[in-house]
Number of protein chains: 2
Amino acid sequence: MKTRDRILVTSLELFNTEGEATTTTLDIANVMDISPGNLYYHFKGKEQIITELFEQYETALGGTLTAPLEQPLSESRGQVEDNWYYLYVVLEEMFQYRFLYYNLDNILQRYEGVRKGFQRLLQLKRAALYAICQTLLEQSVISAREQQLVGLVDNMTLTLTFWFNYEKLLHDRDQQQVTIHQGVLQLLTMIAPYLGDEQLAFYRDCESIYKRMLDDETGREHC
Amino acid sequence: MKTRDRILVTSLELFNTEGEATTTTLDIANVMDISPGNLYYHFKGKEQIITELFEQYETALGGTLTAPLEQPLSESRGQVEDNWYYLYVVLEEMFQYRFLYYNLDNILQRYEGVRKGFQRLLQLKRAALYAICQTLLEQSVISAREQQLVGLVDNMTLTLTFWFNYEKLLHDRDQQQVTIHQGVLQLLTMIAPYLGDEQLAFYRDCESIYKRMLDDETGREHC
DNA sequence: GTCTATACTGTGATAGAC
DNA sequence: GTCTATCACAGTATAGAC
């Protein structure tokens with residue numbers, strides 16, 4: 001692995017675990033056992049590292065978020081499960097770059113380009129969540145007015161965006177699987193009350209999948 | 001006004017508008033036209049300023065949040081409006097110290113005491129929102145299971161906590177009234193789908209109050 | 001209480017040898 | 001490409017005069 005790439009990987013790791021603000025270029029170099037000068041040979045500075053990390057993030061998440069807009073998820077059975085997987089993937093990609101969310105205001109303040117990109121991603125999130133909600137609501141009998149739907153999507157977008165912050169604040173933990181599955185559960189159950197008759201079945205589906213997912217995880221760890 | 005108090009006021013102002021991370025003790029002293037040495041005579045440093053500002057905040061918001069736990073809001077007519085006012089006050093107090101929310105992770109990482117206090121406040125928020133939801137739901141016919149209620153309150157707590165972050169990210173704006181009223185609307189409409197028959201009336205109430213509030217604001221400005 | 005002057009620290013960044 | 005050495009600077013903090 002080239003030093004340049006190792007710098008990116010190490011920076012990402014440190015930013016996520018120690019916080020972007022408290023991680024200095026010296027810390028990164030020390031952890032990698034290279035000299036600060038070497039780091040500065042590959043990158044102009046912290047700014048460039050963050051910018052490149054964000055570009056990686058934008059490419060990855062951007063792709064995932066545009067997928068459901070073109071091809072809606074299957075409308076037959078197992079739809080809840082499909083959506084579960086999808087949201088899991090989205091949150092997983094976000095989790096890999098969670099330092100952005102932990103220090104959002106500061107980063108967006110310093111890097112104009114990142115701010116624009118982040119706002120684009122936010123709109124994509126909205127669009128993806130809108131598509132999901134609409135597909136789910138179309139099948140049900142409920143009359144969710146357009147205005148209500150927009151409110152719901154807004155709400156889900158906010159939850160999706162600040163879920164990691166909330167979890168960290170509430171539980172001090174940094175466990176990927178549990179945090180993400182809980183996020184998915186939280187997001188999907190937000191839709192439930194709009195589903196009318198199918199509401200209870202939907203809740204049941206969500207909770208059984210949630211249980212199974214967490215069992216799978218712990219089961220896997222035991223191997 | 002004593003210099004010591006002026007330091008607190010000026011710091012708060014700068015933290016809120018320029019960001020806590022980018023505001024230095026030197027900035028504060030410069031804006032106030034006093035010397036850095038003078039500032040350090042009154043406060044050991046930035047840490048102490050932030051700690052004291054947080055104490056102010058905790059006292060103020062803590063009081064507001066415990067109020068509805070002891071005395072539930074009137075159960076007769078105008079309940080939506082009462083809740084509106086209440087949430088407005090809560091958000092207003094939060095807004096005054098919004099720098100905490102913009103830089104949350106960083107601040108809680110640096111100041112252990114603030115973290116504990118902030119988590120206490122979060123639990124108070126949950127409790128207050130829980131009380132509000134319960135009073136509202138009690139009167140309606142809907143059968144919101146306890147589990148659903150907890151999910152809803154969780155959701156509202158998250159929205160309440162990160163509303164300013166969301167608004168800033170989405171609109172780049174920093175306007176108190178509009179931001180707060182929209183936050184209240186967002187919070188209250190989250191309850192609506194659980195209200196069964198009264199759902200539509202509730203929506204209508206919310207929106208009419210929202211419109212009136214904003215009209216009042218702009219009207220007042222014209223004077 | 002308030003000032004000026006100064007010292008200390010950590011971080012960002014570069015030059016030049018290997 | 002990588003290193004050592006060093007600089008520049010901002011932010012924090014203190015000493016001592018007024």
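Throughout, a chain's letter reflects where its sequence line sits, starting with A, and its residues are numbered from 1. Basis for what follows: all heavy atoms, side chains included, without hydrogens, waters or symmetry-related copies.
By the salt bridge (charged side-chain N to carboxylate O under 4.0 Å, His left out) test, A:Arg212 pairs with A:Glu81, sequence neighbours left out. Shown here are the side-chain contact (heavy atoms from CB on, under 4.5 Å) partners of B:Asn106, two or more places apart in sequence or in another chain: A:Ala21, A:Asn103, B:Asn103, B:Arg110. A:Tyr102 is linked by a side-chain hydrogen bond (donor to acceptor under 3.5 Å, both in side chains) to nothing, counting only residues two or more places apart in sequence or in another chain.
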Less than 3.5 Å apart, which donor and acceptor atoms pair up between the side chains of residues 55-62 of chain A and the rest of the protein, not counting sequence neighbours?
unit_1	atom_1	unit_2	atom_2	d
A:Gln56	OE1	A:Tyr97	OH	2.8
A:Tyr57	OH	A:Tyr101	OH	2.4
A:Glu58	OE2	A:Arg120	NE	3.4
A:Glu58	OE2	A:Arg120	NH2	3.1
A:Thr59	OG1	A:Glu55	O	2.8

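Shown for residues 100-111 of chain B: no residue has heavy atoms falling under 4.0 angstrom of DNA chain D.
Judged purely by distance below 3.5 Å, without hydrogens or angles, the side chains of A:Thr159 and A:Gln186 never pair a donor atom with an acceptor atom. At a cut-off of 3.5 Å, with distance as the only test, a side-chain donor of B:Gln147 or A:Glu207 sits close to an acceptor on the other residue. There is a side-chain donor-acceptor pair under 3.5 Å between A:Thr24 and A:Asp27.
Protein atom CZ of B:Phe43 is 15 Å distant from nucleotide atom P of D:dT12, rounded to whole Å.
At least one test fails for B:Arg115 against the ring of B:Phe118: distance under 6.0 Å to the centre or angle within 45° of the axis.
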- [ ] Any chance you could list the contact pattern along nucleotides 2-18 of chain C? Use B for base contacts, S for sugar-phosphate-only contacts and - for none, protein heavy atoms under 4.0 Å, 5' to 3'.
- [x] BBB------SSBB----
